[in-house]
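Working notes, beginning with the structure itself.
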Number of protein chains: 2
Amino acid sequence: MNKRRITSKELAKLAGVSSATISRAFSPDSRIGSATRDRILSVAREHGYQPNAIARSLNNQRSRLVALVVNAIGNPCEAEEQQLLVHRLQARQLLPIILCCADHDDRLQLMRLASTYQVDHVVVFSDMVSMQDAVDIFHTTKPIIVSFEPLENENVSNIRIDGSAAADEIIEKIVKDGKKRFAYLSGTKSSWIDKLRRKWFADALAKRGLAIEAEAFGDYTYDSGFKEAVLLLHRSKVDAIICGNDVMAIGARDAARRMLGKNTPDDIAIVGQDGIAMAAWDCNDLTTLSLDHVAFIDAVVDLIERHDADLPGPHSITLTCNARWGSTA
Amino acid sequence: MNKRRITSKELAKLAGVSSATISRAFSPDSRIGSATRDRILSVAREHGYQPNAIARSLNNQRSRLVALVVNAIGNPCEAEEQQLLVHRLQARQLLPIILCCADHDDRLQLMRLASTYQVDHVVVFSDMVSMQDAVDIFHTTKPIIVSFEPLENENVSNIRIDGSAAADEIIEKIVKDGKKRFAYLSGTKSSWIDKLRRKWFADALAKRGLAIEAEAFGDYTYDSGFKEAVLLLHRSKVDAIICGNDVMAIGARDAARRMLGKNTPDDIAIVGQDGIAMAAWDCNDLTTLSLDHVAFIDAVVDLIERHDADLPGPHSITLTCNARWGSTA
DNA sequence: TCTGTTTGTGTAATCGTGTACACAATCATG
DNA sequence: CATGATTGTGTACACGATTACACAAACAGA
């Protein structure tokens with residue numbers, strides 16, 4: 001119990017070889033007698049020896065650590081993607097370090113801390129950090145950065161999301177249903193992705209001679225969706241609310257029903273964004289502009305693998321969203 | 001761009017000192033002239049130098065990494081606690097490595113991988129790994145393990161959860177409302193925590209001359225809650241379902257309403273467990289046996305800090321749950 | 001048999017820090 | 001002013017692996 005881990009040198013003594021041979025026994029393709037290897041692996045198992053990844057990282061300049069910069073873990077919009085990505089990383093023997101930006105006072109400090117661990121890759125989900133900051137902090141440690149936000153930089157790969165067609169489809173249907181006055185409920189005041197999403201819908205409305213009449217700002221949570229929807233519906237006569245994400249949409253739907261007695265889709269149309277699993281639950285049944293999470297994470301993993309294999313240059317992948325129909329619009 | 005990180009030796013040359021002095025400049029309390037330190041820090045900032053945490057870890061035998069063994073990231077029951085814990089760890093300059101067990105074929109392999117990174121602490125949320133396995137794998141690297149499951153071991157601290165009183169309260173109310181036939185919908189077939197939770201309710205029923213009449217097994221997801229509830233309600237005439245977690249409870253509630261036209265709480269009582277934020281949403285309004293997440297994570301952090309400061313021995317903390325009332329029971 | 005290749009292993013340097021030890025310079029104290 | 005404590009810095013080694021290089025043994029082909 002509680003005994004210190006055995007080192008390769010100690011194991012070498014036990015197996016009657018040099019520490020170099022120990023190392024070779026654990027490197028798949030290296031010149032070593034198969035008899036020796038078997039003996040070493042057996043002795044290693046017996047003593048619970050495993051090569052120290054920290055020492056190994058120091059030597060090869062590869063940590064096999066990946067920093068995941070996220071807003072929050074609990075937030076379902078990201079959680080499903082995080083889950084998927086973590087799974088994929090683990091299958092490739094890469095370990096994720098989570099950097100949770102939501103309630104951390106000094107996000108840059110946090111990223112600097114992670115950068116000292118020589119992470120091999122960085123994936124930025126969060127829209128709370130400026131991409132330029134991420135590059136500045138991590139460029140000294142050479143990892144590639146995968147991010148939503150397009151940034152021309154030789155170290156940054158991007159996943160671009162295009163939801164304009166899906167937004168157009170959704171607006172088409174809502175307008176056909178007779179709705180005329182639209183509100184947009186943003187998730188943040190300053191996020192790049194939020195502005196992009198808003199533009200998809202604004203463009204679709206403009207095409208039909210309509211516009212976003214009212215606007216509100218929440219923080220991607222149910223409570224903020226609920227609260228802002230109440231305020232919105234009290235101060236303006238909108239009959240459709242496009243929300244920055246699904247969770248806020250659920251909050252807005254509840255607010256309309258509970259506080260103003262308005263039901264979807266007859267009295268008011270409500271649209272979410274993300275396409276989280278919960279949106280499809282029977283009690284929610286949300287109409288939402290949905291991103292294919294699997295395709296999204298496939299793209300991220302693809303970029304990471306490309307970089308892991310030292311293939312040249314950063315890349316850019318564009319994914320399109322699609323409409324997922326529920327009973328709220 | 002993309003230039004290799006500067007090392008302490010290179011910085012030493014630039015600042016006209018030895019690499020040892022560089023190291024001292026970054027160690028808060030070490031003998032160094034304040035003028036020298038200021039100069040070094042300034043040159044360091046200029047060149048983007050930060051001490052390499054990997055090398056430092058190798059040297060001090062402290063990685064400041066914490067392994068978080070969880071079932072899934074997306075699962076809301078854990079997500080809130082994870083979020084809180086990650087926040088606390090980050091505030092202490094500890095970085096979390098996530099080990100996601102849910103869909104990983106070889107959990108032990110995964111834990112072994114993490115153990116090679118010499119993590120300082122391990123927190124086991126998941127009930128999918130046997131505690132004994134965790135101890136076997138991590139004991140060679142000396143970290144303390146914080147876990148739900150009580151295990152007598154000098155390296156394991158426990159957080160025990162007691163929900164018996166709250167379960168009694170809840171059963172009391174449901175029985176008073178006239179319900180007589182109870183079903184229990186488990187989250188897993190084999191989990192230790194699931195059996196414990198079930199026992200709280202079974203005991204409360206036994207006290208009143210009642211028992212769990214029907215039983216089903218899901219996997220903590222909405223879909224499984226929905227599906228199992230349908231089967232359960234078709235094969236037996238229960239009028240109350242206690243669910244292994246909140247998400248399944250929401251699924252069960254939807255199933256009862258949608259597939260059998262039974263509403264809560266009049267036709268059927270439905271109870272969740274965990275007390276996740278979503279349970280309190282207006283559209284759910286779940287009665288649930290709730291754990292105080294903040295207190296829980298406080299306890300975890302307390303144990304970690306104690307161990308981080310090299311205070312003696314593992315400890316055990318017991319927390320009690322309380323009933324949170326909604327309109328489903 | 002002689003030479004040239006292949007195979008298996010050990011030696012020693014390296015990765016980037018932290019720190020024990022040594023030593024010079026500065027300071028306090030009588 | 002002499003002496004001892006304190007302060008600031010450099011030198012050298014340790015942390016635990018990987019790997020270039022060297023070298024002996026085994027083996028191939030003529």
Side-chain angles (χ1 to χ4, degrees), chain A residues 3-41 43-44 47-65 113 115-120 140-142, chain B residues 3-41 43-44 47-65 113 115-120 140-142:
Chain A
K3 73 176 164 223
R4 223 190 70 267
R5 165 169 225 125
I6 280 190
T7 78
S8 76
K9 212 169 288 182
E10 300 175 277
L11 188 70
K13 198 153 290 174
L14 289 169
V17 293
S18 80
S19 76
T21 304
I22 299 292
S23 169
R24 283 190 268 259
F26 282 89
S27 306
D29 26 41
S30 59
R31 301 201 320 207
I32 185 176
S34 59
T36 317
R37 162 171 283 152
D38 291 347
R39 183 163 45 87
I40 288 178
L41 290 182
V43 181
H47 293 268
Y49 172 83
Q50 293 258 118
N52 182 325
I54 296 290
R56 171 184 281 173
S57 302
L58 180 58
N59 186 283
N60 348 309
Q61 314 274 55
R62 282 218 165 183
S63 62
R64 302 201 72 73
L65 295 174
L113 176 60
S115 87
T116 66
Y117 280 80
Q118 319 297 106
V119 294
D120 289 344
T140 54
T141 119
K142 97 150 188 315
Chain B
K3 72 177 165 222
R4 223 190 69 267
R5 164 170 226 124
I6 280 190
T7 78
S8 77
K9 212 169 290 182
E10 300 175 277
L11 189 70
K13 198 154 292 174
L14 289 169
V17 294
S18 80
S19 77
T21 304
I22 300 292
S23 170
R24 283 189 268 258
F26 282 88
S27 306
D29 25 42
S30 60
R31 299 200 322 203
I32 185 178
S34 58
T36 316
R37 162 171 283 152
D38 291 347
R39 182 162 47 88
I40 290 178
L41 290 183
V43 180
H47 293 267
Y49 172 83
Q50 292 260 119
N52 182 325
I54 297 289
R56 171 184 282 175
S57 301
L58 180 59
N59 187 286
N60 0 298
Q61 313 276 55
R62 283 218 165 182
S63 63
R64 302 200 72 74
L65 293 173
L113 176 60
S115 88
T116 66
Y117 280 81
Q118 318 297 102
V119 293
D120 289 344
T140 53
T141 119
K142 95 147 189 316

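Below, chains carry the letters A, B, ... as their sequence lines are ordered, and counting in each starts from 1.
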Can you check the B:Asn52 CG to C:dT14 C1' distance for me, whole Å? 14 Å
Quick check: do B:Tyr49 and B:Glu10 have side-chain heavy atoms less than 4.5 Å from each other? no
For A:Arg37, salt bridge (charged side-chain N to carboxylate O under 4.0 Å, His left out) partners two or more places apart: none
What does the inter-axis angle of the helix from C:dT1-D:dA30 to C:dG30-D:dC1 come out as, five pairs per end, nearest 10 degrees? 30°
Rounded to the nearest Å, what distance is computed from the CG atom of residue A:Asn59 to the P atom of nucleotide C:dT14? 12 Å
Atom of B:Ala12, atom of B:Ser19 and distance for their closest heavy-atom approach: CB-N, 3.6 Å
Strictly under 3.5 Å: I want the nitrogen or oxygen pairs between protein and nucleotides 6-8 of chain C, one per line.
unit_1	atom_1	unit_2	atom_2	d
C:dG8	N7	A:Arg31	NE	3.3
C:dG8	N7	A:Arg31	NH2	3.1
C:dG8	O6	A:Arg31	NH2	2.6

Please list, by residue number, the residues of residues 8-26 of chain A whose heavy atoms come closer than 4.0 Å to an atom of DNA chain D; answer none if no residue qualifies. A:Ser8, A:Ala20, A:Ser23
5' to 3' contact window, DNA chain D with chain B (heavy-atom distance under 4.0 Å): D:dT7 to D:dG16
For the residue pair B:Ser57 and A:Ile54, what are the closest heavy atoms and their distance? CB-CG2, 4.0 Å
Is it true that a side-chain atom of A:Arg5 and a backbone atom of A:Gln50 form a donor plus acceptor pair closer than 3.5 Å? yes
Could you tell me how far apart B:Asp29 (CG) and C:dG18 (P) are, to the nearest whole angstrom? 13 Å
Hey, are the side chains of A:Thr7 and A:Asn52 touching, using non-hydrogen atoms and a 4.5 Å cut-off? no
For B:Arg39, give me all partners under salt bridge (charged side-chain N to carboxylate O under 4.0 Å, His left out), at least two apart in sequence or on another chain. none
